[in-house]
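First the structure, in the form of structure tokens, and then the observations on it.
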Amino acid sequence: MKQKNRFSFIFVIAVIFSAILSGCSYDKPTSNNSSGKSDKGDTVAKRDEIKVGLDVDAGTMDPRLSKDTSAKRVSELVYDGLVRLSANLEAEPALATKWENPDPTTWIFTLRENVTFHDGEPFTAEDVKYTYDSLIDPNFKAPYASLYAPIQSVEVVNEHQVKFTLKESSAPLLSYMDIGIVPKHIGEKNDNSLSNTPVGTGPYKMVKWDKNSKIAFEANENYWNGKPKTKKVTYFIIPDNSTRVASLESGDIDLVHSPLSPQDIKRIKENDQFEVKEMEGLGFTYLNFNQKNPILSDLKVRQAISYLVNKKVISNDIYQGMDKPGKSPLIPASWAYNDSISGFSYDPDKAAALFKEAGWEDTDGDKILDKDGKKLSITLSTHSEDPNRMQTVEFLQNEFTKYGVQTEVKTSEWPTFSTSLTEGKFDIALVGWLNLVDPDRSFYNPFHTNGGSNYGKYSNPTVDSLIEKGRTTLDSKERTTIYQEAAKIVTEEVAYDVLLYQGYIAMYNKKVTGFNAHPSGSFYGLKDAEVSN
């Protein structure tokens with residue numbers, strides 16, 4: 001109990017200090033309420049702007065190059081994909097009005113007519129071909145190129161029809177075709193302008209980007225799916241969770257969503273001015289073990305460390321039940337989920353036994369395990385924008401040190417942390433995966449030897465084979481069996497230690513109407529939202 005209280009005290013002080021700093025790092029939203037009444041003179045006026053609080057800035061405005069959630073939130077307003085995924089993760093028409101799959105390796109998409117990009121140029125099949133050709137071009141270096149690797153070629157049938165020929169069948173491919181289509185006439189200039197000035201066909205145009213401060217959008221009056229209800233949307237970058245929620249309470253912003261701090265959620269729930277939507281999310285939070293680290297390359301050491309992770313305490317005391325204890329990379333929202341894949345429970349005795357088997361013992365009485373004159377020393381890292389994750393690594397530091405693992409904590413802002421992660425410059429990183437619309441997305445990039453996000457350099461030929469088979473098998477029951485087998489292996493071998501299954505929470509002022517929260521966190525629904533004065 002004393003330990004819990006100590007962490008709670010540290011967390012409160014950290015939040016207060018962070019809020020003070022964060023409060024100076026962004027432009028405070030200003031009121032711009034539109035005035036006036038209806039023709040009858042008795043209705044409430046609508047504001048011409050919806051203000052949204054985000055935790056981190058976007059890394060790029062080009063959907064093909066995006067690898068962070070804020071970039072995706074931009075893409076959802078500015079761009080349309082061939083399809084859009086419903087709340088049930090079913091593909092629905094977007095820029096494609098229909099599609100055919102005449103054989104396992106052929107997809108034919110019929111495109112929507114009379115659609116224009118924000119600069120007035122017409123959308124055609126050439127833009128679809130250009131977008132996907134670049135995604136599968138190894139020289140373009142799209143972060144998620146492996147998702148589209150099954151595509152062999154893209155052929156323009158006519159102005160409003162495009163044909164995809166695959167190298168082999170791909171069960172999840174349709175789920176990935178929600179990526180934004182970019183204009184060929186701009187992209188082929190190769191001037192990187194789309195990274196800073198996006199041009200799409202979506203409901204909103206981006207008009208200004210003040211980096212690390214705000215991103216401003218204006219309605220696309222000619223949007224094919226109906227003119228947006230509100231003229232402007234502005235994203236305000238507010239790194240600290242509690243500061244972001246305080247801005248909601250003060251009326252400076254209208255909507256915030258995950259990540260959030262549990263004590264703030266509880267307070268907002270008790271305030272009848274706000275709506276709180278909670279649902280099962282499409283992501284998990286995990287410890288990523290860098291297997292290029294000589295210490296962590298030993299399976300017994302990774303397993304021992306996993307036995308020192310008290311997921312129930314992290315879920316209950318730090319996240320206060322907002323996120324649930326995790327087990328494997330198969331999330332509960334997935335059709336392939338299997339609760340019997342149990343992962344590692346908290347068991348310091350088993351940890352001690354495994355450390356000893358691996359040759360690590362306290363030989364000099366300093367309470368730190370050593371081997372061949374070297375201390376068992378690791379660094380835990382995460383990003384500073386999320387106080388829940390910061391408190392989690394501090395809690396783990398205390399636990400690991402208590403049982404003989406000399407542990408340093410390193411936190412940095414998201415851009416720095418993300419770069420270290422992608423460059424493999426970490427020992428154990430606390431991070432999360434989102435938008436896991438298919439098990440393939442949970443497995444191919446992070447666990448395949450050639451996966452684009454395999455930052456820990458995990459490699460197992462059996463797992464590679466299972467992942468490849470899961471991608472090409474079209475029978476859902478067989479895919480379930482395949483992914484459950486792969487999940488058991490990567491969990492036992494501690495490629496990741498999945499700490500938590502994420503919940504998704506959106507909180508907004510009740511003056512906001514027409515917005516439907518989506519488990520992926522999509523903001524596309526803002527096109528139908530309004531805010532009253």
Side-chain angles (χ1 to χ4, degrees), residues 62-66 75-76 78-86 89-142 144-190 194 198-203 220 222-226 437-438 440-441 444 471-474 524:
D62 189 329
R64 301 168 299 170
L65 294 171
S66 69
S75 179
E76 289 158 352
V78 175
Y79 294 94
D80 293 302
L82 290 176
V83 305
R84 183 170 296 106
L85 298 183
S86 71
L89 306 184
E90 297 171 343
E92 297 178 335
L95 287 178
T97 57
K98 64 178 182 178
W99 46 88
E100 305 167 64
N101 189 201
D103 60 69
T105 58
T106 304
W107 287 88
I108 300 172
F109 290 84
T110 299
L111 307 180
R112 196 173 297 277
E113 299 184 23
N114 302 315
V115 175
T116 59
F117 286 101
H118 295 156
D119 62 358
E121 291 295 316
F123 157 74
T124 72
E126 290 288 351
D127 301 299
V128 177
K129 175 176 170 57
Y130 171 77
T131 298
Y132 281 91
D133 280 350
S134 61
L135 284 169
I136 61 177
D137 180 356
N139 295 320
F140 187 72
K141 293 181 170 46
Y144 292 111
S146 62
L147 300 182
Y148 306 95
I151 298 172
Q152 179 173 296
S153 63
V154 185
E155 174 188 348
V156 172
V157 178
N158 56 52
E159 190 175 358
H160 298 295
Q161 199 169 62
V162 64
K163 176 182 176 183
F164 287 75
T165 301
L166 310 185
K167 303 169 188 173
E168 54 192 0
S169 58
S170 176
L173 184 61
L174 190 61
S175 297
Y176 303 150
M177 289 189 160
D178 63 340
I179 191 168
I181 300 299
V182 302
K184 177 184 178 182
H185 65 278
I186 296 178
E188 65 184 359
K189 294 177 182 178
N190 293 319
L194 290 174
V199 178
T201 61
N220 176 6
N222 301 312
Y223 187 49
W224 60 265
N225 199 21
V437 297
D438 187 278
D440 175 76
R441 187 149 190 167
Y444 196 98
R471 172 172 278 194
T472 58
T473 299
L474 301 181
Y524 178 76

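Counting only heavy atoms from C-beta outward, the side chains of P104 and L474 approach each other to under 4.5 Å. D127 has its side chain within reach of F117: a pair of non-hydrogen atoms, C-beta onward, lies under 4.5 Å apart. When side chains are defined from C-beta on, T201 does not count as touching I181, because their heavy atoms never get closer than 4.5 Å. The shortest distance between side-chain heavy atoms of H118 and P198 does not fall below 4.5 Å.
Judged purely by distance below 3.5 Å, without hydrogens or angles, the side chains of D178 and Y524 never pair a donor atom with an acceptor atom. Using modelled atom types and a 3.5 Å distance limit, the side chains of Y223 and D80 yield a donor-acceptor pair.
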Can I get a per-line list of side-chain donor-acceptor pairs under 3.5 Å for residues 148-155, giving both atom names and the distance, sequence neighbours left out?
from	atom 1	to	atom 2	distance (Å)
Y148	OH	Y176	O	2.8

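Using bins of under 30°, 30° to 60° and over 60° for the plane-to-plane angle, the ring pair F109/W99 lands in the tilted bin.
In this structure, S86 contributes its side chain and E90 its backbone to a donor-acceptor pair below 3.5 Å. The main-chain N or O of T472 is found under 3.5 Å from a side-chain atom of S169 such that the two form a donor-acceptor pair.
With sequence neighbours excluded, the residues satisfying side-chain contact (heavy atoms from CB on, under 4.5 Å) with E159 are T124. Residues satisfying the side chain to side chain donor-acceptor pair (under 3.5 Å) criterion with K129, sequence neighbours excluded, are D133.
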